[in-house]
Amino acid sequence: MPAQDSIPLVAVSNRGASRLKSGHLWVYRSDIAKTDSIAPGALVHVHDVRGRRLGSALYSSSSQIAIRLLTSKVLGENELLPLLRQRIDDAVAFRHKNVHGTDSYRAIFSEADLLPGLIVDKYNDVLAMQVLTQAFDREDLRQTVVTALTEHFPGSSLLDRIDPHIRELEQLPPRESQLVLGEKSATVFTLNHVRFHFDGLGGQKTGAFLDQRENYAAAARYAHGEALDCFTYQGGFALHLARVCSKVTGVDSSRPALEVAEQNEHLNPDAHTCGEIEWIEANAFDLLKDYSAARRHYDTIVLDPPGFAKSKRAVDTALRGYKELNLRALKMLRLGGVLATCSCSFHVGEGEFLEMLAASAADADRRLRILEKRGASIDHPALSGGPETAYLKCVVAQVIDYK
Ligand code: SAH
């Protein structure tokens with residue numbers, strides 16, 4: 001095996017080994033033996049306490065996630081870049097085959113594409129890359145990624161989007177977000193025929209929750225009448241509802257997000273059945289409380305709050321938050337009304353989320369028909385055995401009876 005001897009070995013505990021065997025790609029620092037001399041971002045060979053080989057991984061010297069498995073094969077150093085190139089090619093081919101009706105999607109999704117530590121989003125003709133680990137910050141890995149993206153998306157610009165917090169966790173030198181290729185950092189992109197602004201470097205950063213693309217279309221399939229989109233951000237659901245509803249209100253606590261939402265509204269001047277969208281800057285919890293107390297009613301409500309459960313311990317509190325929102329929304333829905341309700345906390349499982357919804361419906365005296373149980377769009381695939389990749393839940397339901 002070429003150059004194999006120079007590749008460091010990392011021993012993982014029984015707990016770490018069983019995680020890997022169950023299909024997960026991560027081993028935490030507490031589950032590996034001491035590793036003094038391994039270079040940050042190195043390719044390593046992983047074995048269990050009895051010396052059995054578990055595969056090859058990328059190493060981080062500082063993150064709590066010390067090991068991200070690449071393959072269960074034993075990989076030589078000179079096989080690393082060709083493997084990554086093959087995985088990029090596969091990720092892009094998967095999108096070409098399966099993503100339709102948009103010029104924008106997540107082209108590479110880290111673990112779910114077996115490229116742990118790398119995310120690339122495509123916004124029309126601008127690509128935005130996020131490096132999440134020491135390994136993908138290595139010059140040779142960056143070069144492989146940039147070359148592959150140039151070949152797959154000729155003429156597109158490429159942005160390096162920096163999350164300073166992640167660079168700190170990975171003990172990487174600070175870096176600014178910047179253009180790596182081309183000259184465009186802003187563009188207009190299209191999801192399901194709805195147009196949006198993207199600006200990767202401007203003062204007012206824009207972008208999108210591309211994982212919701214198919215859920216926008218699903219919500220619009222059933223939406224009707226008067227609609228309320230809570231946690232609208234830059235208008236993702238609201239702009240889709242505006243094509244089928246008679247009135248649309250978008251609510252968010254962020255003024256800058258609503259300003260972009262309004263600009264997005266103006267990008268789609270002829271597409272609306274609802275007249276002007278009403279954008280309200282408010283705390284959605286307070287607004288739902290006030291509106292339900294005032295007995296306001298809607299035919300369609302969307303709930304897409306930020307992740308409430310950042311850790312396992314926060315799940316109960318998160319479920320209480322989801323219940324409060326869903327209960328109030330259900331009370332405001334008319335007979336036949338549609339609720340599209342989401343959670344992006346991977347700690348809250350689909351089962352728990354559906355139980356919360358059933359309890360909310362019971363407390364609101366509403367009988368609900370579940371129309372669709374959905375996850376993230378196909379360009380954000382989930383990895384079997386890697387629950388973090390299956391984080392998004394979106395349930396579309398209809399009120400079919402109430403007291
Ligand atoms: N539905 C959006 C994404 C929502 S992201 C889309 O599809 O694009 C979550 C949003 O919730 C953010 O825009 C954030 O500003 C907003 N937010 C967070 N807490 C809030 C609160 N208490 N009330 C209203 N909006 C809130």
Side-chain angles (χ1 to χ4, degrees), residues 102 104-106 121 123 128 188-199 204-221 223 227-243 245 248-265 267-268 277-292 300-310 314 317-318 320-329 332 338-346 348 372 374-377 379-380 391-396:
T102 179
S104 302
Y105 50 84
R106 180 152 288 183
D121 288 329
Y123 290 95
V188 168
F189 67 96
T190 306
L191 307 175
N192 313 307
H193 306 289
V194 179
R195 287 150 62 84
F196 294 86
H197 287 287
F198 171 75
D199 187 352
Q204 189 161 308
K205 295 261 187 314
T206 59
F209 290 88
L210 297 174
D211 52 357
Q212 289 283 27
R213 175 177 49 88
E214 293 171 6
N215 297 331
Y216 297 152
R221 269 200 288 282
L228 179 67
D229 176 15
C230 295
F231 310 93
T232 190
Y233 181 56
Q234 296 172 355
F237 279 99
L239 290 159
H240 283 77
L241 302 181
R243 309 192 146 211
C245 293
V248 176
T249 303
V251 179
D252 203 281
S253 56
S254 158
R255 165 88 345 229
L258 290 175
E259 281 165 13
V260 180
E262 200 163 351
Q263 290 164 19
N264 287 338
E265 180 184 2
L267 275 180
N268 299 275
I277 301 176
E278 177 187 30
W279 303 109
I280 300 181
E281 181 185 346
N283 180 329
F285 283 90
D286 296 343
L287 180 128
L288 286 171
K289 191 171 166 200
D290 295 347
Y291 279 20
S292 63
T300 302
I301 298 182
V302 175
L303 300 173
D304 183 19
F308 289 152
K310 301 272 188 248
T317 321
R320 278 197 294 278
Y322 288 122
K323 176 141 185 228
E324 179 178 340
L325 291 173
N326 282 273
L327 174 63
R328 293 198 201 286
M332 286 200 289
V338 171
L339 176 71
T341 180
C342 312
S343 161
C344 58
S345 308
F346 88 84
V348 174
E372 298 199 18
R374 310 182 53 85
S377 300
D379 48 317
H380 293 64
Y391 57 99
L392 185 63
K393 277 81 49 194
C394 174
V395 178
V396 187

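First listed ligand is number 1; within each ligand, the first listed atom is number 1.
- Using bins of under 30°, 30° to 60° and over 60° for the plane-to-plane angle, the ring pair Phe196/Phe189 lands in the parallel bin.
- Partners of Tyr233 by ring-ring contact (aromatic ring centres under 6.0 Å, His included), not counting sequence neighbours, listed by chain and number: Phe209.
- Protein residues with a heavy atom closer than 4.0 Å to ligand 1 are Phe209, Tyr216, Phe231, Thr232, Tyr233, Phe237, Asp252, Ser253, Ser254, Ala282, Asn283, Ala284, Asp304, Pro306, listed by chain and number.
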Glu324 and Arg320: CA distance, side-chain angles, deciding distance, salt bridge (charged side-chain N to carboxylate O under 4.0 Å, His left out) verdict:
CA-CA 6 Å; Glu324 179 178 340; Arg320 278 197 294 278; over 6 Å; no
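- Nearest heavy-atom pair across Leu191 and Tyr216 is CD1-CE1, 3.9 Å.
- The two atoms that bring Ala376 and Tyr391 nearest to each other are CB-OH, 4.1 Å, heavy atoms only.
- Between Leu241 and Val302 the shortest heavy-atom distance is CD1-CG2, 3.9 Å.
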